[in-house]
K.L.:
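This structure is in structure tokens; I'll ask about it shortly.
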Amino acid sequence: MISVKEAKKILSTNIPQSPTHKVSLENSVGFILAADIHSPIEVPLFDNSAMDGYALSITDPKGFWEVTHTIQAGETNLPVIAENKAARIFTGAPIPKGTDTVIQQEVINREGERITFDLEGFTKGQNIRLKGSQNKVGDLLVQSGSLITPGTIGLLASVGIAEVEIYKAPSVAIIITGNEIKDVGTALKFGEIYNSNGPVLNAYLSTLGIKEIKTYKAADDPEALKSTIEEALAGYDVVLFSGGISVGDYDFVKKGLEKAGVKELFYKIRQRPGKPLFAGMKDEKLIFALPGNPASVMTCFNQYVKPSLLQLLGHTYPWQPTARLTLSHNFSKKGGLTFFMKALMKDNEVSTLTGQESFNQLSFGVSNCFAEFPEDTEEVAAGTVVDVYAW
Ligand SMILES: Nc1nc2c(c(=O)[nH]1)N[C@H]1C(S)=C(S)[C@@H](COP(=O)(O)OP(=O)(O)OC[C@H]3O[C@@H](n4cnc5c(N)ncnc54)[C@H](O)[C@@H]3O)O[C@H]1N2
Ligand code: MOO
């Protein structure tokens, strides 16, 4: 058995580099940019008004101006404004030749077409957004490796970029093992339970932007499992198993993976829950066999599968905890195993919840993270800072 740290190290050093591909800007949010983006245009493209008001030449001698034109945002045919004349102008509208300043309408006295204002406090160029003041053609806008946020989307759309290069999301096969597992929407017979791990894994993958997902169901039978493993490995980049990885007489996953030529990265971690986690590779494909208990599936996905997938997707620091928060209560555990506790983070504190057995899912209705208690700790006092991992 290896430690949590060792398992993460093994994964992070073995995960291959993902291929990249081009996607439309609107489908790129949440992904990592795989190439630098330089601006194809300068921004703003033309001098324009930052206010609704009047464009005029502030050094005109007379001290009053006559409004001769109106310029709306979007105007393409600009007039030339003569000396001592002004144009009514609106925010975003191009600045006409012959003017150098925009005065906001609130400080203007207008009588008929004649305008005046208190010149004090105004300087030439005020309220004009100058051409190229944000960026010039060719300037670096976003670096390769950056997360594409809604803000990034706005920036790139504003310079007319319609497609971006991102790390390609892997396709994922989920293999649900267990004769007792039935899908929701069907009636249960004695001894059967609903398949909750399948929906959990599908939902978790979709939060990471992974869309190509196929769910297989495999009976606890070596032959059925073998053909499902072969099909999944042939068609998908990542294969996730739920259940069948422990030591019971009907746990056939590990043997099946060996037969399919999957190379073991590790099996069993000094942790609770999720001790019998298996990770392996075949060529560039990643395989995780998640211990079937629901809390083990959630923990192992959160701690190992999610960061591995994020690393594949080009994220730079996927293995870090979400936060380090103070524990709201005393906590005690036995040494020798890392504990991942269903927990609630709130007001900069974290509290573990009741119902920590690995079959018990009740606290997932309120929990928003796991709190980690390392293997060498036993008594942990309230106020101690602990690592927490949001979903
Ligand atoms: N003798 C030992 N027995 C067990 C050990 C051990 O070390 N020695 N480890 C225990 C631990 S820890 C875990 S975790 C489980 C893992 O077992 P498997 O991965 O083989 O999982 P299964 O036996 O197939 O199922 C475990 C449990 O989870 C339920 N389950 C399975 N699939 C689903 C699903 N899709 N949705 C909801 N619930 C599911 C299943 O009915 C079982 O109750 O092994 C322990 N045993
Ligand atoms: O991994 Mo097991 O979940 O400790 O029951």
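All of these numbers come straight from a predicted model, not from anything done at the bench. In each ligand, atom 1 is the first atom listed, and ligand 1 is the first ligand listed.
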K.L.:
If you count the atoms of ligand 1 from 1 in the order shown, which ones are under 4.0 Å from a heavy atom of Ser242?
P.N.:
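That gives atoms 32 (N), 35 (N) of ligand 1.
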K.L.:
Any donor-acceptor pair under 3.5 Å linking the side-chain atoms of Tyr304 with those of Gln271?
P.N.:
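Present: a donor and an acceptor within the cut-off.
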K.L.:
Say whether, by atom type as modelled, one donor and one acceptor occur between the side chain of Lys217 and the main chain of Ile181 under 3.5 angstrom.
P.N.:
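Yes, Lys217 side chain to Ile181 backbone: donor-acceptor pair under 3.5 Å.
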K.L.:
Could you tell me whether ligand 1 has any atom less than 4.0 Å away from a heavy atom of Ser296?
P.N.:
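Checking ligand 1 against Ser296, which is what was asked, there is a heavy-atom contact under 4.0 Å.
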K.L.:
When you measure from the side chain of Thr322 to the backbone of Ala390, do you find a donor-acceptor pair of N or O atoms at a distance under 3.5 Å?
P.N.:
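Between the backbone of Ala390 and the side chain of Thr322 there is a qualifying donor-acceptor contact (under 3.5 Å).
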K.L.:
Phe288 and Phe241: aromatic ring centres closer than 6.0 Å?
P.N.:
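No; Phe241 has its ring centre 6.0 Å or more from that of Phe288.
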K.L.:
Starting from atom 7 (O) of ligand 1, locate the nearest protein heavy atom and write down its residue, its atom name and how far away it is, to 0.1 Å.
P.N.:
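Ranking protein heavy atoms by distance from atom 7 (O) of ligand 1, first comes Lys275 NZ, 3.4 Å.
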K.L.:
Answer yes if the side chains of Gln311 and Ser308 hold a donor-acceptor pair under 3.5 Å, and no otherwise.
P.N.:
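Not at all, the side chains of Gln311 and Ser308 share no donor-acceptor pair under 3.5 Å.
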K.L.:
Provide the number and element of each atom of ligand 1 under 4.0 Å from a heavy atom of Ile176.
P.N.:
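Contacts of ligand 1 toward Ile176, numbered from 1: 35 (N).
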K.L.:
With the criterion set at N/O pairs under 3.5 Å, what does the list of contacts between the protein and ligand 2 look like, atom names and distances included?
P.N.:
from	atom 1	to	atom 2	distance (Å)
ligand 2	1 (O)	Gly274	N	2.3
ligand 2	1 (O)	Lys275	N	3.2
ligand 2	1 (O)	Ser296	OG	3.1
ligand 2	3 (O)	Ser296	OG	2.2
ligand 2	3 (O)	Ser358	OG	3.0
ligand 2	5 (O)	Asn293	ND2	3.0
ligand 2	5 (O)	Ser358	OG	2.6

K.L.:
ring-ring contact (aromatic ring centres under 6.0 Å, His included): which pairs involve residues 111-150, sequence neighbours left out?
P.N.:
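Residue pairs passing ring-ring contact (aromatic ring centres under 6.0 Å, His included), neighbours aside: Trp65-Phe117, Phe117-Phe122.
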K.L.:
Going by atom types alone, do Glu165 and Thr20 pair a side-chain donor with an acceptor below 3.5 Å?
P.N.:
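Side-chain D/A pair, Glu165 to Thr20: present.
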K.L.:
Touching ligand 1 at all, Ser196? Heavy atoms, strictly under 4.0 Å?
P.N.:
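Distance cut 4.0 Å: Ser196 passes for ligand 1.
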K.L.:
Using non-hydrogen atoms of the residue, decide whether Gly244 is closer than 4.0 angstrom to ligand 1.
P.N.:
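The answer is yes: ligand 1 sits under 4.0 Å from a heavy atom of Gly244.
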K.L.:
Flag the pair Lys131 and Glu42 as a salt bridge only when some basic side-chain nitrogen lies within less than 4.0 angstrom of an acidic carboxylate oxygen.
P.N.:
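Salt bridge present between Lys131 and Glu42.
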K.L.:
Tell me: protein heavy atom nearest atom 23 (O) of ligand 1, and distance?
P.N.:
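Here the nearest protein heavy atom works out to Asp251 OD1, 4.0 Å.
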K.L.:
The criterion is ring pair (Phe, Tyr, Trp, His ring centres under 6.0 Å); which residues satisfy it with Phe301, sequence neighbours excluded?
P.N.:
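So Phe301 forms a ring pair (Phe, Tyr, Trp, His ring centres under 6.0 Å) with Tyr204.
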K.L.:
Is the backbone of Asp52 close enough, under 3.5 Å, to the side chain of Thr91 for a donor and an acceptor to pair up by distance?
P.N.:
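Between the backbone of Asp52 and the side chain of Thr91 there is a qualifying donor-acceptor contact (under 3.5 Å).
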K.L.:
Compute both the distance and the angle, then confirm whether Lys342 meets the cation-pi test with Phe364: under 6.0 Å from the six-membered ring centre, within 45 degrees of the axis.
P.N.:
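Pair Lys342/Phe364 counts as cation-pi.
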K.L.:
Around atom 35 (N) of ligand 1, find the nearest protein heavy atom and jot down its residue, atom name and distance.
P.N.:
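Here the closest protein heavy atom is Asn195 OD1, 2.9 Å.
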K.L.:
For Ile181, take its heavy atoms, then give the atoms of ligand 1 lying under 4.0 Å from any of them.
P.N.:
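Within the 4.0 Å cut-off of Ile181, ligand 1 contributes 30 (N), 31 (C), 32 (N), 33 (C), 34 (C), 35 (N), 39 (C).
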K.L.:
Less than 3.5 Å between some nitrogen or oxygen of Gly292 and one of ligand 1, yes or no?
P.N.:
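In this structure, Gly292 places an N or O atom under 3.5 Å from an N or O of ligand 1.
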K.L.:
Heavy atoms only: which of Asn293, Val297, Val247, Asn179 is nearest to atom 26 (C) of ligand 1?
P.N.:
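It is Asn293 whose heavy atom sits nearest to atom 26 (C) of ligand 1.
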K.L.:
Does Gly178 come within less than 4.0 angstrom of ligand 1, counting non-hydrogen atoms of the residue?
P.N.:
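No, that is not the case, since the closest heavy atom of the residue is not under 4.0 Å from the ligand.
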K.L.:
Note the single closest protein heavy atom to atom 40 (C) of ligand 1, along with its residue, its atom name and the distance in Å.
P.N.:
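Ranking protein heavy atoms by distance from atom 40 (C) of ligand 1, first comes Glu180 OE2, 3.2 Å.
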K.L.:
From the options Val200, Asp183, Asn197, select the one whose nearest heavy atom is closest to atom 33 (C) of ligand 1.
P.N.:
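Going through Val200, Asp183, Asn197 one by one, Asn197 has the nearest heavy atom to atom 33 (C) of ligand 1.
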K.L.:
Check whether any N or O atom of Ile245, backbone or side chain, sits under 3.5 Å from an N or O atom of ligand 1, and answer yes or no.
P.N.:
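The answer is yes, given that Ile245 and ligand 1 share an N or O pair closer than 3.5 Å.
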K.L.:
Suppose clustering is done on Ile, Leu, Val, Met, Phe, Trp and Tyr with side-chain heavy atoms closer than 4.5 Å. Which residues sit in the same group as Val366?
P.N.:
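Traced through the cluster, Val366 reaches Leu344, Leu353.
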K.L.:
Would you name the heavy atoms of Met281 and Pro16 that are closest together and state the gap between them?
P.N.:
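Closest approach of Met281 to Pro16: CE-CD, 3.9 Å.
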K.L.:
Check ligand 1 against Tyr194 and write out every atom of the ligand that is under 4.0 Å from a heavy-atom position of the residue.
P.N.:
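Numbered from 1, ligand 1 contributes 36 (N), 37 (C).
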K.L.:
My understanding is that we take every heavy atom of each candidate and find the minimum distance to atom 12 (S) of ligand 1. Doing that for Ser246, Pro276, Pro291, which one comes out nearest?
P.N.:
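Going through Ser246, Pro276, Pro291 one by one, Pro276 has the nearest heavy atom to atom 12 (S) of ligand 1.
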K.L.:
Just how far is it from atom NE2 of His69 to atom OG1 of Thr99, taken to the nearest 0.5 Å?
P.N.:
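Result: 11.5 Å between the selected atoms.
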K.L.:
In terms of side-chain geometry, is the basic nitrogen of Lys62 or Glu83 positioned less than 4.0 Å from the acidic oxygen of its partner?
P.N.:
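No, no charged N to carboxylate O under 4.0 Å.
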K.L.:
For atom 38 (N) of ligand 1, grab the closest protein heavy atom and report residue, atom and distance to one decimal in Å.
P.N.:
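Protein heavy atom at minimum distance: Ile193 CD1, 3.3 Å.
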